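Below you'll find the structure I mean.
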Amino acid sequence: MKLGRMNHIGVATPDLDASIAFYRDVMGATDITEPFVLESQQVRVCFVNTPTDSGINGTQVELLQPTSPDSAVGKWLEKNPLGGQHHLCFEVPDIHAAKSEFEALGKRVLGEPRVGAHGTMIFFVHPKDMGGILTEIMESPKGAH
Ligand SMILES: CC[C@@H](C(=O)O)C(=O)SCCNC(=O)CCNC(=O)[C@H](O)C(C)(C)COP(=O)(O)OP(=O)(O)OC[C@H]1O[C@@H](n2cnc3c(N)ncnc32)[C@H](O)[C@@H]1OP(=O)(O)O
Ligand SMILES: [Co+2]
């Protein structure tokens with residue numbers, strides 16, 4: 001696996017609107033997307049866009065509020081009620097090649113690739129195989145490579 005761009009840091013929150021206010025009022029974020037529900041992951045989600053020198057394509061903070069207590073984020077919040085860093089997401093050019101490479105290294109890929117919040121395919125690798133960090137692998141948007 002060749003490490004790609006860090007696309008986003010997933011942050012779980014019990015209150016998405018309060019987290020949006022925090023990033024806007026405390027952190028000075030000026031570009032926060034409208035929240036939407038992603039049923040497949042049982043989350044309400046939005047992105048805090050961080051600026052870069054060139055002004056484009058900064059790493060995002062992905063704010064996640066569970067829509068069900070039985071979801072992955074819901075269960076995580078049960079153990080971490082204040083919320084916090086939930087996962088890191090790296091881009092790859094080819095999602096299926098990346099999956100095969102992780103599996104060949106004995107890493108547990110959690111389910112089949114599916115469409116993520118950016119409209120490209122994603123999968124997750126088990127935190128216990130990744131130094132304690134739940135890792136999301138995301139196919140880059142077309143034209144990024
Ligand atoms: C918005 C859409 C999408 C995107 O496009 O960006 C997303 O980001 S969706 C994000 C939410 N979806 C997911 O997280 C899916 C993948 N996650 C899972 O499949 C599960 O959460 C899990 C990682 C397999 C854990 O589930 P489970 O085994 O049922 O929970 P446990 O509580 O028993 O955990 C076992 C073990 O792992 C530790 N753990 C769990 N989650 C994390 C985490 N986020 N980071 C680090 N470690 C984690 C947990 O503490 C347990 O450890 P021990 O207590 O030592 O046993
Ligand atoms: Co994510």
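Given the structure is predicted, the values throughout are model-derived calculations rather than measurements. Start at 1 and go down the list; that is how both ligands and their atoms are numbered. The first residue of the sequence shown is numbered 1, and numbering continues consecutively from there.
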Quiz item: Does a salt bridge link Glu101 with Lys107, judged by any charged N lying under 4.0 Å from a carboxylate O?
Solution: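 Result for this pair is no, no salt bridge flagged.
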Self-check item: Closer than 2.8 Å to the Co ion (ligand 2) - protein N, O or S atoms, ordered by chain and residue number
Solution: His8 NE2, Glu62 OE1, His87 NE2, Glu136 OE1
Could you pull out every N or O of ligand 1 that sits under 3.5 Å from a protein N or O, with the distance for each pair?
| unit_1 | atom_1 | unit_2 | atom_2 | d |
| --- | --- | --- | --- | --- |
| ligand 1 | 5 (O) | Ala117 | N | 2.8 |
| ligand 1 | 5 (O) | Glu136 | OE2 | 3.3 |
| ligand 1 | 6 (O) | His8 | NE2 | 3.1 |
| ligand 1 | 6 (O) | Glu62 | OE1 | 3.0 |
| ligand 1 | 6 (O) | Glu62 | OE2 | 2.6 |
| ligand 1 | 6 (O) | Glu136 | OE1 | 3.0 |
| ligand 1 | 6 (O) | Glu136 | OE2 | 2.9 |
| ligand 1 | 8 (O) | Glu62 | OE1 | 2.9 |
| ligand 1 | 8 (O) | His87 | NE2 | 3.0 |
| ligand 1 | 8 (O) | Glu136 | OE1 | 3.0 |
| ligand 1 | 12 (N) | Gln41 | OE1 | 2.9 |
| ligand 1 | 29 (O) | Lys75 | NZ | 3.4 |
| ligand 1 | 32 (O) | Lys79 | NZ | 2.9 |
| ligand 1 | 44 (N) | His86 | O | 2.9 |
| ligand 1 | 52 (O) | Lys128 | NZ | 3.2 |
| ligand 1 | 55 (O) | Lys128 | NZ | 2.7 |

Quiz item: Glu62 side chain to His8 main-chain N or O, any donor-acceptor pair under 3.5 Å?
Solution: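 No; judged by distance alone, with no hydrogens or angles, the pair does not exist.
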Self-check item: Steps toward side chain to side chain contact (heavy atoms under 4.5 Å, CB included) verdict (Phe47, Val61)
Solution: CA-CA 6 Å; Phe47 299 103; Val61 178; over 6 Å; no
Self-check item: Minimum-distance pair of heavy atoms, taken over all atoms of Pro66 and Leu77
Solution: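 Minimum heavy-atom separation between Pro66 and Leu77: CD-CD1, 3.5 Å.
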Quiz item: Do side-chain atoms of Thr13 reach the backbone of Gly83 as a donor and acceptor pair under 3.5 angstrom?
Solution: no
Exercise. Output all residues satisfying ring-ring contact (aromatic ring centres under 6.0 Å, His included) with Tyr23, sequence neighbours left out; order by chain, then residue number.
Key: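 Not a single residue meets the ring-ring contact (aromatic ring centres under 6.0 Å, His included) criterion with Tyr23.
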Quiz item: In terms of hydrophobic clusters joined by side-chain contacts under 4.5 Å, are Phe123 and Leu38 together?
Solution: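 As far as the 4.5 Å side-chain criterion goes, Leu38 and Phe123 are not connected within one cluster.
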Quiz item: Can you find a heavy atom in the side chain of Gln41 that is under 4.5 Å from one in the side chain of Phe124?
Solution: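 Counting from C-beta outward, Gln41 and Phe124 do come under 4.5 Å.
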Practice problem: Mind jotting down which residue pairs meet the side-chain hydrogen bond (donor to acceptor under 3.5 Å, both in side chains) criterion with at least one end in residues 114-123? Sequence neighbours excluded, please. | Solution: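 Qualifying pairs, neighbours excluded: Asn7-His118, Gln60-His118.
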